[in-house]
Student: 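Sharing a structure here in C-alpha cells format.
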Number of protein chains: 2
Amino acid sequence: MVTKQFSGPAEDADLRRADSLGREIFSDVANKWALLIIEALGEGTLRFSELRSRVEGISHKMLTQNLRMLERNGLLERTVYPTVPPRVDYTLTDAGHALQATVDGMCEWTYRYFHHIESARRRFET
Amino acid sequence: MVTKQFSGPAEDADLRRADSLGREIFSDVANKWALLIIEALGEGTLRFSELRSRVEGISHKMLTQNLRMLERNGLLERTVYPTVPPRVDYTLTDAGHALQATVDGMCEWTYRYFHHIESARRRFET
DNA sequence: CGGGATCCACATAGATACTG
DNA sequence: CAGTATCTATGTGGATCCCG
C-alpha cells in the first residue's frame, strides 16, 4: 500500500489505479498544516477563527486552502450558518477521526523521543 | 504536545522550549518524502540507490536532503563503506522504527478509507 | 555510486484589499 | 466573520555538472 509497487503488466489495472490514488491521498494529507488541522479538530468542532488561533503560525490563506482540501477528501465536514456575521463550523468525519488517531501517534512519538532527538542533533553538528 | 499551547508567563520556560522543539521536529518529519523514506526503510537497511527506486518519484536532491535531515534527528543511521565504488547504507534507529509504526498506520488508513475518499471527491466536484 | 554545488523555473505562501 | 482574489517574493525542487 502506497509504497508497494506493481511490477508486471499482467497486474490488475484497478489495483494500479488504487495505488496511484493512495499515493495522491498520502501526498495531500502528509503535510504539516493538514496534520496540525486534523489534530486540532480531534478535540471537537471548531470555527474558522478558532482553528486559526489553535494552529499556531498558520496563515489565513493556508488555513482555507487546507480546509478545502480536507473537505474535498471527506476528512471533515463544513457547516455554514447563514447568520450575520457568518459562522462556519468544521468537524471531523469518521475518516478524519481515524486519521487523527494516527496523528496522535506521531505527536506521542515526538514526545517520547524528544531527548533522543535532541542529543542526536548535538552529535550531528560536529 | 505539539498542538498544545503554553499561555501564562508563569509557565515553565523549559516546557515552552520543549514545545517549540516538538513543533520543529513535527514540521521536519510531517512531510511526504520524509515519511515515505521512513516507510521504505521499515522493511530493512537500504542503499542510496535502492531508496531512490523504492521511493517512487523522489529526486536525487530531495532524497539526500531528507536523508541528512532524518540522520540529524537521529531517525536513521548512515554507514559508509570506503570501497570503490562507494557504498552507503541507511538503517532506521529505534526512534525511526517507532515513527515508522505510526506511518504504517497512515498507510493502512489510506487503504481503509479509500472508497470513502473517492466518493467524497465525486460529491465535492458539483 | 553517493553526493555536493550551482542555476533556474515554478509553485507556494504571505500580504493586502475587497465582498457577502 | 469567513472567504476570494490578486500581486509578489521567496524558497523549493528539478536538472545538470563535477568530485571522491
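Just the heavy atoms: all of them, side chains too, but no hydrogens, waters or symmetry mates, feed the values below. All chains are named by letter (A, B, ...) in the order of the sequence lines, taking the proteins before the strands, and each is independently numbered beginning at 1. It should be emphasised that the depicted structure is a prediction, and the values quoted were computed from it without experimental measurement.
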Student: With a sphere of 6.0 Å drawn around CD of B:Glu77, does it hold more than 12 non-hydrogen atoms of other residues, nucleotides or ligands?
Tutor: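 Open.
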Student: Tell me what B:Arg52 touches on the nucleic acid: a base, only sugar-phosphate, or nothing, going by heavy atoms under 4.0 Å.
Tutor: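 The residue B:Arg52 makes no contact with any strand.
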Student: Between A:Thr64 and D:dA2, does any side-chain N or O lie under 4.0 Å from OP1 or OP2?
Tutor: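 No, no such contact exists.
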Student: For B:Thr83 and C:dC1, is the shortest distance between a side-chain N/O and OP1 or OP2 below 4.0 Å?
Tutor: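 Answer no for this pair, as no side-chain N or O of B:Thr83 is under 4.0 Å from OP1 or OP2.
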Student: Taking atom P of D:dT4 as reference, at what distance in whole Å does atom CD of A:Glu71 sit?
Tutor: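 To the nearest whole Å, that distance equals 10 Å.
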Student: For nucleotides 11-15 of chain D, list the nitrogen or oxygen atoms of the protein found under 3.5 Å from its nitrogen or oxygen atoms, one pair per line.
Tutor:
residue, atom, partner, partner atom, Å
D:dG13, N7, B:Lys61, NZ, 2.8
D:dG14, OP2, B:Ser59, OG, 2.6
D:dG14, O6, B:Lys61, NZ, 2.5

Student: Look up atom OG1 in A:Thr102 and atom CE in B:Met106, then write down how far apart they are to the nearest 0.5 Å.
Tutor: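 Reported to 0.5 Å precision, the distance equals 5.5 Å.
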Student: Just call it for A:Tyr90: base, sugar-phosphate, or nothing, with non-hydrogen atoms closer than 4.0 Å on any strand.
Tutor: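 Sugar-phosphate, backbone atoms only, no base.
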Student: Check whether A:Arg112 reaches the backbone of B:Ala98 with its side chain - one donor and one acceptor, N or O, closer than 3.5 Å.
Tutor: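 Between the backbone of B:Ala98 and the side chain of A:Arg112 there is no qualifying donor-acceptor contact (under 3.5 Å).
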Student: Specify the separation, in whole Å, of atom CE of A:Met69 and atom C1' of C:dT12.
Tutor: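 It is 16 Å, rounded to the nearest whole Å.
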Student: Pick out which of A:Thr91, A:Leu76, A:Leu92 makes a side chain to side chain contact (heavy atoms under 4.5 Å, CB included) with A:Thr45.
Tutor: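 Output: one option passes, namely A:Thr91.
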Student: Quick one: closest heavy-atom pair of B:Ala40 and B:Arg54, and the distance?
Tutor: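 B:Ala40 and B:Arg54 have their closest heavy atoms at CB-CB, 4.4 Å.
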Student: How many angstroms lie between OG in B:Ser27 and CH2 in A:Trp33, if you round to the nearest 0.5 Å?
Tutor: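 Going from the OG atom of B:Ser27 to the CH2 atom of A:Trp33 covers 6.5 Å.
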Student: Please state how far atom CG in B:Leu63 lies from atom P in C:dC1, giving the value in whole angstrom units.
Tutor: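 One finds 15 Å between P of C:dC1 and CG of B:Leu63, rounded.
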Student: Distance check needed: D:dA2 C1' versus A:Glu50 CD, whole Å only.
Tutor: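 So the CD-C1' distance, A:Glu50 to D:dA2, works out to 13 Å.
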Student: In whole Å, what is the span from the CZ atom of A:Arg78 to the C1' atom of D:dC1?
Tutor: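 It is 12 Å, rounded to the nearest whole Å.
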Student: Tell me the interatomic distance from B:Asn31, atom CG, to C:dA11, atom C1', rounded to whole angstroms.
Tutor: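 B:Asn31 atom CG is separated from C:dA11 atom C1' by 16 Å.
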Student: Reckon B:Arg68 touches a base, only the sugar-phosphate, or nothing at all at heavy-atom distances under 4.0 Å?
Tutor: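 Sugar-phosphate, no base atom in range.
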Student: Grab the CZ-C1' distance between B:Arg87 and D:dG20 for me, whole Å please.
Tutor: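 After rounding, the reported distance stands at 18 Å.
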Student: Counting only side-chain nitrogens and oxygens, does A:Arg47 get under 4.0 Å of the OP1 or OP2 atom of D:dC1?
Tutor: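 A:Arg47 to D:dC1 OP1/OP2: no side-chain N or O under 4.0 Å.
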Student: Whether A:Arg72 engages the ring of B:Phe124 as a cation-pi pair (distance to the six-membered ring centre under 6.0 angstrom, angle to the ring normal within 45°) should be assessed.
Tutor: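 Judged by the rule (NZ or CZ under 6.0 Å from the ring centre, within 45° of its axis), A:Arg72 is not positioned above B:Phe124.
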Student: Could you check how far CD1 of B:Ile37 sits from C1' of C:dG2, rounded to whole Å?
Tutor: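 The distance from CD1 of B:Ile37 to C1' of C:dG2 comes to 14 Å, rounded to the nearest Å.
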